[in-house]
Amino acid sequence: MSPLWTPSPERAANTELARFMKLAGKSSYAELHRWSVEHSADFWELMWKFGEVRGEPGARRVIDPERMPGAKWFPDAKLNYAENLLRSRGSSDAIVFWGEDRIKRNLTHKNLHDLVSRLAQALKDAGVKKGDRVAGYLPNLPESTAALLATASVGAVWSSCSPDFGVQGVLDRFGQIEPKVLFCADGYLYGGKEFDSQEKASQVLDKLPSVEECVVIDYLGAPATAGTSLFDFLEPFPAARIQFEPVEFNHPLYILYSSGTTGVPKCIVHGTGGSLLQHLKEHRLQSDVKPGDRLFYFTTLGWMMWNWLVSGLASEATLMLYDGSPFVQRGRVLFDFAEAEGITHFGTSAKFIDAVAKTGLKPKETHRLDKLRAVLSTGSPLAPEGFDYVYQNVKSDVCLSSISGGTDIVSCFVLGNPMGPVWRGEIQAKGLGMAVEVFSEEGKPLKGEKGELVCTRPFPSMPIGFWNDPDGAKYRAAYFEKYPNVWRHGDWCEETEHGGLIIYGRSDAVLNPGGVRIGTAEIYRQVEQIDEVMEALVIGQDWEGDVRVVLFVKLKEGVQLDDALATRIKQRIRENTTPRHVPAKIVQVNDIPRTKSGKIVELAVREVVHGRPVKNKEALANPEALEHFRNRPELTA
C-alpha cells in the first residue's frame, strides 16, 4: 500500500513545521515529537517564542512536570488571549461571514478591533470584571467572536452554546456558572428558514437571576425584545485603544461542557495560556496555517471547534465563519463558500463528508478550489472510504488531516503533519508535546493492537478543573481513575506502523460480545458503504448472560428492511471484519439521535433499549428520535 498523498519536497520545506523543526535542531517529525515529549518545557518555551506570544513568560517554565493532574505551566507568566488575537488593525479581512446563501459580511482587522474595543468598554460599564462570566447563546456570527474577545480582554470568562439548544439545555449549562451578561441574537437561520431566539432567551433569563444585562444582536432584523439591542449597548462608547487586562497563564479563559447525555453537563474550565499555546501549535505546526490564510471550520458555538477556529486569529489567519445548515443546495453551499472566498483550510465533520459522498457531489468537477491546501475532519472517525472520496472528488493535492481530541482538552491528541504522507484511514500523527500511547486494560503500552488512548505526561491545555469541583474529585474521576497519573481519554484506538492512529469509537461504547472488544466504527464503516443505508447506530444488548450486537439502520426514503437487505448487510460485515462483528439483530428506525454537535449517542440508545431513563435529553439535537428505540418487539427474542 502506498500513501494517498505526499507533499512535494518544496511544499514540505515551505511549511511552518519545517521552520520550527530547524529551530529545534531536529530532522524528522518522529525525532521532533520524541524531543517535544521528553523535553516538554523546552518545547513549549520554543513554541511561545515561535508563536510570538504577546506577554511575559516569566522565569519558570513548569512546576511539578511529572504530576497529572498537578503540573503548572509558566507559573509566573502574564498575558491576555484577546491581545494575541487582535494583532492587526489593518484593512485586510479578519472575518468573512456567510449566513447560509442569504447573508454575506466582511470585517476588516480594524473593524474587529473597534467592535471589540466598544464591547469591552460596555462590558466594564455593565460591571463585568476579571473572573466574572459572560455567556453567549448565539449563532456563529462575527459579533460572537467579538464578544468572546471583549470578554477575554477584561479578564472575564466566556461560555457559549448554540441557539438551537432548548431552554433547559441552556439552564443546565449557564445555570451552573452564573453569568453576569448574556448575549443572544434576534434569531438564526437553518435550512432556509428563520427561527426566533428571543422567546427562548426570555425564558432562560426568567430562571437565570445572575444575569444583569442581556444584549440582543441584530441578525435577522427583528426588534430587541429580550434585552438591550447591541446598538444601544455600544452607543455610548466610541472605539479606542483596548486596555488588555494581563492575567495568569492558568486564569480561566472559557468554560466548555461535556455532552451531558448521561446527566447534567460537566463544566470544563480551560486556561488562557494553555489554550492559546496549544491552538498556536495546532494551527501553525500541525495545520500549516500561515498569515493571510483563510481558515474555515463548520461548527456552532456549542462545540469546541468554534473556540479552536477563533484562535486562528493568533496565527494571523482570516476566519471564515458560516452559520446555518451545511446541506443548503444539497451540500454545495460550503464548497461555494470555499470557491468564492478562497478558503485555504476547509474543516468539517466525518459525517458531512460521508453525507455529500452519498449525494454524489463532486466538487472537483463543479468548483474551483485552487487555494485549498488542507481538509480537516473530526467529530467521529473518518472511514477509509471518506479519505478516498476527498482525494477522488474534492481535490487530489491536499493534506487531509483527520483530527481527534475533544472538549476535555479544547484541542487534539492526534492530528495532521503537513510534512508527512497521508495513509488511507489513518490519522497522520501524535500531537507535538502530547505523550500519546495506546494502553491495554492492564495499563501496558500496545503497538499494532487495539486499546485505550492515553496521554502519559502533562500538557498545557489540560483543564484547570471543573466548575464547582473545589477538591478536584470529579476531575480526577473523569480522566485519572483507571490509570493513576495517566490521562485516559475514552477513545478505543490502534497505533499504526506509520506512527499514525486509527480511532474505532468511544471506549465506553465498545461492544463486548463473548468478551471480545469491538469498536463501533469498524461496523459503521461497512454498513455505511451500502447504498440503501443513510445512517447506522450499533449497541450491545444484554442478552442471556452475554452481550449481543444490535444494529439500527436509517434507510433511504421508500426503502424497507427485508431479509435480502439484512443478509447483504451481515455478509458485508462478516467478509470485511470478523464473525464476531456480525449483528444478531438488525432493526430499521426512522431517525438516529445525535448531540448538538452531530455525534450519535450510542449510550443513550443503549439505556432506552434496556428500559433505563436517559438523564439529559436536552443535550440532544433530536431527542424525539429516542422513541424509535423503545420497546422494540424485535429485541425481545
Please check if the side chain of D186 supplies one atom and the backbone of Q198 the other of a donor-acceptor pair under 3.5 Å.
-> no

When every non-hydrogen atom of L138 is compared with those of C184, the smallest separation belongs to CD2-C, 3.4 Å

Mind telling me whether Y322 and F298 have parallel, tilted or perpendicular rings, with 30° and 60° as the class edges?
-> tilted

Looking only at heavy atoms, what is the nearest atom pair of A185 and V216, with distance?
-> C-CG1, 4.0 Å

To the nearest 0.5 Å, how far apart are CD1 in I95 and OG1 in T145?
-> 4.5 Å

Is there side-chain contact between F296 and E341, with heavy atoms separated by less than 4.5 Å?
-> no

Is the count of non-hydrogen atoms from other residues, nucleotides or ligands lying under 6.0 Å from K110 atom NZ greater than 12?
-> no

Side-chain heavy-atom pair W487, F480 within 4.5 angstrom cut-off = yes

Do T378 and Y297 come close enough that some side-chain heavy atom pair is under 4.5 Å?
-> yes

Which is it for K474 and K266 under the side-chain contact (heavy atoms from CB on, under 4.5 Å) test, yes or no, and what are the steps along the way?
-> CA-CA 9 Å; K474 292 179 188 172; K266 296 188 285 285; 5.6 Å; no

Aromatic rings Y479 and Y475: how do their planes relate, parallel, tilted or perpendicular, breaks at 30° and 60°?
-> perpendicular

Considering the options W44, F413, W73, F43, which one meets the ring-ring contact (aromatic ring centres under 6.0 Å, His included) requirement together with F459?
-> F413

Examine distances only and state if a side-chain atom of R118 and a backbone atom of V116 form a donor-acceptor pair shorter than 3.5 Å.
-> no

Assess the side chains of Q176 and D172: does a donor N or O sit below 3.5 Å from an acceptor N or O?
-> no

Polar contact flag, side-chain donor to acceptor under 3.5 angstrom, Q286-S401 = no

No-hydrogen, no-angle side-chain donor-acceptor test under 3.5 Å, K281 and Q278 = yes

Begin from the C-alpha positions of E83 and I242 and carry the test side-chain contact (heavy atoms from CB on, under 4.5 Å) through to its verdict.
-> CA-CA 9 Å; E83 183 177 8; I242 300 169; over 6 Å; no

Would you call W303 and K599 a side-chain contact if the rule is heavy atoms closer than 4.5 Å?
-> yes

How far apart are the C-alpha atoms of L119 and F233, what are their side-chain angles, what is the distance that settles it, and do they pass the side-chain contact (heavy atoms from CB on, under 4.5 Å) test?
-> CA-CA 8 Å; L119 277 164; F233 187 59; 4.3 Å; yes

Would you indicate whether the side-chain heavy atoms of N307 and S275 approach each other to under 4.5 Å?
-> no

Minimum heavy-atom separation for G175 to L208, with atom names?
-> CA-CD1, 3.6 Å

Rounded to the nearest 0.5 Å, what's the gap from OG on S160 to CD1 on I255? Could you check?
-> 10.5 Å

For the residue pair S197 and Y137, establish whether any side-chain heavy-atom pair is separated by less than 4.5 Å.
-> no

Please test V601 against V614 for side-chain contact (heavy atoms from CB on, under 4.5 Å), starting from the C-alpha separation and ending with a verdict.
-> CA-CA 11 Å; V601 285; V614 176; over 6 Å; no

For D132 and G127, work out which heavy atoms get closest and say how close.
-> OD2-O, 3.5 Å

Any donor-acceptor N/O pair, N485 side chain to E66 backbone, under 3.5 Å | yes

Only one of R488, R506, K482 forms a salt bridge (charged side-chain N to carboxylate O under 4.0 Å, His left out) with E452, so which one is it?
-> R488

Short side-chain to backbone donor-acceptor contact, R87 and A314, under 3.5 Å = yes

Atom CG of L277 and atom OG1 of T272: how far apart are they, to the nearest 0.5 Å?
-> 11.0 Å

Between N140 and T300, is any pair of side-chain heavy atoms under 4.5 Å apart?
-> no

CG-CG distance between L309 and L319, expressed to the nearest 0.5 angstrom = 5.0 Å

NZ (K207) with more than 12 external heavy atoms under 6.0 Å = no

Between Y257 and S159, is any side-chain donor less than 3.5 angstrom from a side-chain acceptor?
-> yes

Charged N-O contact under 4.0 Å between E248 and K72 | no

Could you check whether the rings of F20 and F50 sit parallel, tilted or perpendicular, using 30° and 60° as the cut-offs?
-> perpendicular

For T407 against H270, the heavy-atom pair lying closest together = O-NE2, 2.9 Å

N/O donor-acceptor pair under 3.5 Å between D469 side chain and A473 backbone = yes

Say whether, by atom type as modelled, one donor and one acceptor occur between the side chain of R476 and the main chain of D471 under 3.5 angstrom.
-> yes

Under a 4.5 Å cut-off applied to non-hydrogen side-chain atoms, are K129 and E245 in contact?
-> no

Mark yes or no for whether S258, through its side chain, and P265, through its backbone, hold a donor-acceptor pair below 3.5 Å.
-> no

Distance-only donor-acceptor check, side chains S117 and D114, under 3.5 Å = no

What do you reckon, are the aromatic ring centroids of W158 and Y254 less than 6.0 Å apart?
-> no

S153 side-chain N/O to A82 backbone N/O, donor-acceptor pair under 3.5 Å | no

Closest heavy-atom pair and its distance - K596, D164 | NZ-O, 2.9 Å

Point-to-point distance, once rounded to the nearest 0.5 Å, from CG of L376 to OG of S349 | 12.5 Å

Got a second to check how far R89's CZ is from H113's NE2, nearest 0.5 Å?
-> 4.0 Å

Check whether any side-chain N or O of T344 sits under 3.5 Å from a backbone N or O of R294 as a donor-acceptor pair, and report yes or no.
-> yes

Is the backbone of A435 close enough, under 3.5 Å, to the side chain of R457 for a donor and an acceptor to pair up by distance?
-> no

